[in-house]
Number of protein chains: 2
Amino acid sequence: MTDPPQAKRRAVTIKDVARHAGVSQGVVSRVLNPGIGPVAPATRERVLESIKALRYRPHTAARELKSQKTSTIGLVVADVANEFFARLADHVVRAARSLDLGVLLTTTQEDPALEVGSVEMLMDKRVRGIIAAPTGRNSAIWREVTDMGTQLVFVDRTLADVPLADVVGVDNEAAAFDATRHLIDRGHRRIAIISGPLSISTGRERVAGYRRALEQLGAEPLDEFVFEADFRDPTVGGAVDALLALEAPVTAVVVSNTALAATVTRRLRALEVAIPDDLSIVVFHDAPWTALAMPAFTVIRHPMDAIADTAVRLLNQRLTTDPPQHGEHVRLTSTLVERASVATLNRGAR
Amino acid sequence: MTDPPQAKRRAVTIKDVARHAGVSQGVVSRVLNPGIGPVAPATRERVLESIKALRYRPHTAARELKSQKTSTIGLVVADVANEFFARLADHVVRAARSLDLGVLLTTTQEDPALEVGSVEMLMDKRVRGIIAAPTGRNSAIWREVTDMGTQLVFVDRTLADVPLADVVGVDNEAAAFDATRHLIDRGHRRIAIISGPLSISTGRERVAGYRRALEQLGAEPLDEFVFEADFRDPTVGGAVDALLALEAPVTAVVVSNTALAATVTRRLRALEVAIPDDLSIVVFHDAPWTALAMPAFTVIRHPMDAIADTAVRLLNQRLTTDPPQHGEHVRLTSTLVERASVATLNRGAR
DNA sequence: TTGTAAGCGTTATCAA
DNA sequence: TTGATAACGCTTACAA
């Protein structure tokens, strides 16, 4: 009855269905795409049966070619091994599914060249839209994306000179301010920050918030307290060494993501520096494990679900209605979750 | 010079390039696909220039329609928020990139219906191949995949009745045996396992290995020691309660993945049950944070990189050479990494 | 209500 | 070495 498994039989096309049902291609197409034209209930039935009998499946590429519309979006993130982006990707895929959109996943590894390659692939495949966390060093290519009429939503990070893109992220400046103030409130004055690359908006914003807190609340904003690390820098342990080797070592540090925090923690353990007794830590992003760490980390919690949902919602909005002349910017707010990685110093105000 | 940003200009096609370069479409196509036919160096130059000048980009869908070959593969996993699958996805995306393959990511959330939807989408898009961690309850649809000539590599899990699929996974039976033996060696006799669903091959294998160790090494394989939980079951805390409510509570438990382990740990903390003093734990999969947990978890470490690389290699092999009549099965080996979540009991052999 | 046919952007065959 | 031209599988006017 059925063909032998290996016999990669010629795929059944709309023509086969038409012949089998004794109608023309056009009719079949119309039952496939209801609303495009009338079809007699009886014929419709017959066609549907033929479709089932022949196990016909429409050929997306042909459809896309004719209709000039794909049902695919692109997702461009740094690295899906990063819990933050993994969460994001999981949400995006789910949300996209409910809109009948496929998701092409690409990663930049924070490498501008890979980013360009990703974007080109997505453009060649004519995705309807892209949700992206840009590396920050390729504004031109992103501008081309919007120029071509491909809808674009930046997530987590932003690029100032891509005006047509929507942006959804958190208020990193405020979050860093809060984190720093929390430390200052606990008596810390010598506070460091291990930030992500300053080529990325989040890195810049976090350092700015950190600086503002120090200045405003009377602590010392020393340059040697600011470390710019790659988000996945495996050598960030060196920053820890430097921080502790200072004549007057820091008593606290704000760490910009969980991957960095993991590396830092490992280094501190190796050095037998106790958290929080010898060094207090606040970490950006509340990965599930931060509560399980030793000690449980005080973190800045981002509204991950809202970020992802908003990104997809904005993209879908652009896909289904006339896209606006300028990108919409959505800033969600993060909150500080106090746990056990911050010590209270009682050496009074300095 | 350039169009206004919004003016979604008609996409430039190969025809435009041909006209601009003063040649025929065929020639342009031939410079685009070298090796297909001759082209004079001078013409080639001219065409290349036109391509650049017009910013021409080939239309993948058209290409695919004509050539009946896509440059996309599908990746079907349960849930990319799960660290295991996230790692896998990250690798797959990278490896695919280097083969010039796009990756369509879909998730099943362990739901057979979503799995079917994913597979249909991928088939409609005519992906060249699929790397999948099947839910275990949809053999039929996977058989259809191979019947249609789409290459298939199962990863992590396997389905017995899909003979044409390659499989790459770890030896879960042996790993569970090792984990259990480790516990027995440390003096434990009342050992539980919180396994994944038995509808998934890994769950079955792990329980089998666990059972074999108990029987072979003289501990008690009681039915009430085996808990079948969904991999992301948020109510697995209940299993913990049950285990501890036993007349003679267990002294150790093997936990089937890190998500479950996190939930279990949280529950134990709430109950003020100390790890490992009151309960020892071995966890499947060495997520980066397991070493940072309190206490650091003793884990079964899977060779993640090898798993992902092998999956892509097998798929690529099937894509580039004549696929074999039967699937290849690759079993990699996991290793036990001893840390601090297992106590040594000194109540002698019973 | 249905059929016919053009055309989406490519590749590939065949003549020139 | 190049140019016409026919598909690929589908959607969509338009005609019947």
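Numbered from 1 within each chain, the chains take letters A, B, ... in sequence-line order. Please read these numbers as outputs of a predicted model, since none were measured by experiment.
When the P atom of C:dT10 is taken as reference, atom CG of A:D124 falls 10 Å away, rounded to whole Å. What separates CD of B:Q68 from C1' of C:dT10 is a distance of 12 Å, to the nearest Å. Distance B:H59 NE2 to C:dC8 C1': 8 Å, rounded to the nearest Å. Rounded to a whole Å, the CD atom of B:E64 is 13 Å from the P atom of D:dG9. One interatomic measurement links the two molecules: CG of B:L65 to C1' of C:dA12, which rounds to 14 Å at whole-angstrom precision. Between A:M123 atom CE and C:dG9 atom C1' there is a gap of 16 Å when expressed in whole angstrom units. Rounding to whole angstrom units, OH of residue A:Y56 and C1' of D:dT11 are separated by 11 Å. Here the P atom of nucleotide D:dC10 and the CD1 atom of A:I14 are 5 Å apart, to the nearest Å.
Considering all non-hydrogen atoms of both residues, A:L315 and A:G129 come closest at CD1-CA, 3.9 Å. Counting all heavy atoms, side chain and backbone alike, B:A133 lies closest to B:R157 at O-NH1, 3.7 Å.
Take the nearest nucleotide of DNA chain C for B:R57 and for B:R30: the residue whose nucleotide is more 5' is B:R57. Between B:G37 and A:T60, the residue anchored nearer the 5' end of DNA chain D, judged by the nucleotide with its closest heavy atom, is B:G37. Where B:A61 and B:I36 each meet DNA chain C at their nearest nucleotide, the meeting point lying more 5' is that of B:A61.
Interatomic distance, A:L101 CG to A:N316 CG, rounded to the nearest 0.5 Å: 7.0 Å.
The listed nucleotides are C:dT4, C:dT10, D:dA4; the one nearest the side chain of B:S24 is D:dA4. For B:K66, the listed nucleotide lying nearest its side chain is D:dA7; candidates were D:dA7, C:dA12, D:dT1. When the nucleotides C:dG3, C:dT10, D:dT11 are ranked by their closest atom to the side chain of A:S29, D:dT11 comes out on top.
In this model, the phosphate group of C:dA12 is not approached by any side-chain N or O of B:S67 to a distance below 4.0 Å at OP1 or OP2. Contact between the side-chain N/O atoms of B:T43 and the OP1/OP2 oxygens of D:dT2 is found at a separation under 4.0 Å. Phosphate proximity of C:dA5 to A:Q25: absent, as no side-chain N or O sits under 4.0 Å from OP1 or OP2. Here A:T13 does not reach the OP1 or OP2 of D:dG9: none of its side-chain N or O atoms lies under 4.0 Å away.
The only member of A:D16, A:V47, A:I14 that meets side-chain contact (heavy atoms from CB on, under 4.5 Å) when paired with A:Y56 is A:I14.
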Show the numbers, then the answer: is there a side-chain hydrogen bond (donor to acceptor under 3.5 Å, both in side chains) between A:D79 and A:T107?
CA-CA 5 Å; A:D79 173 4; A:T107 61; over 6 Å; no
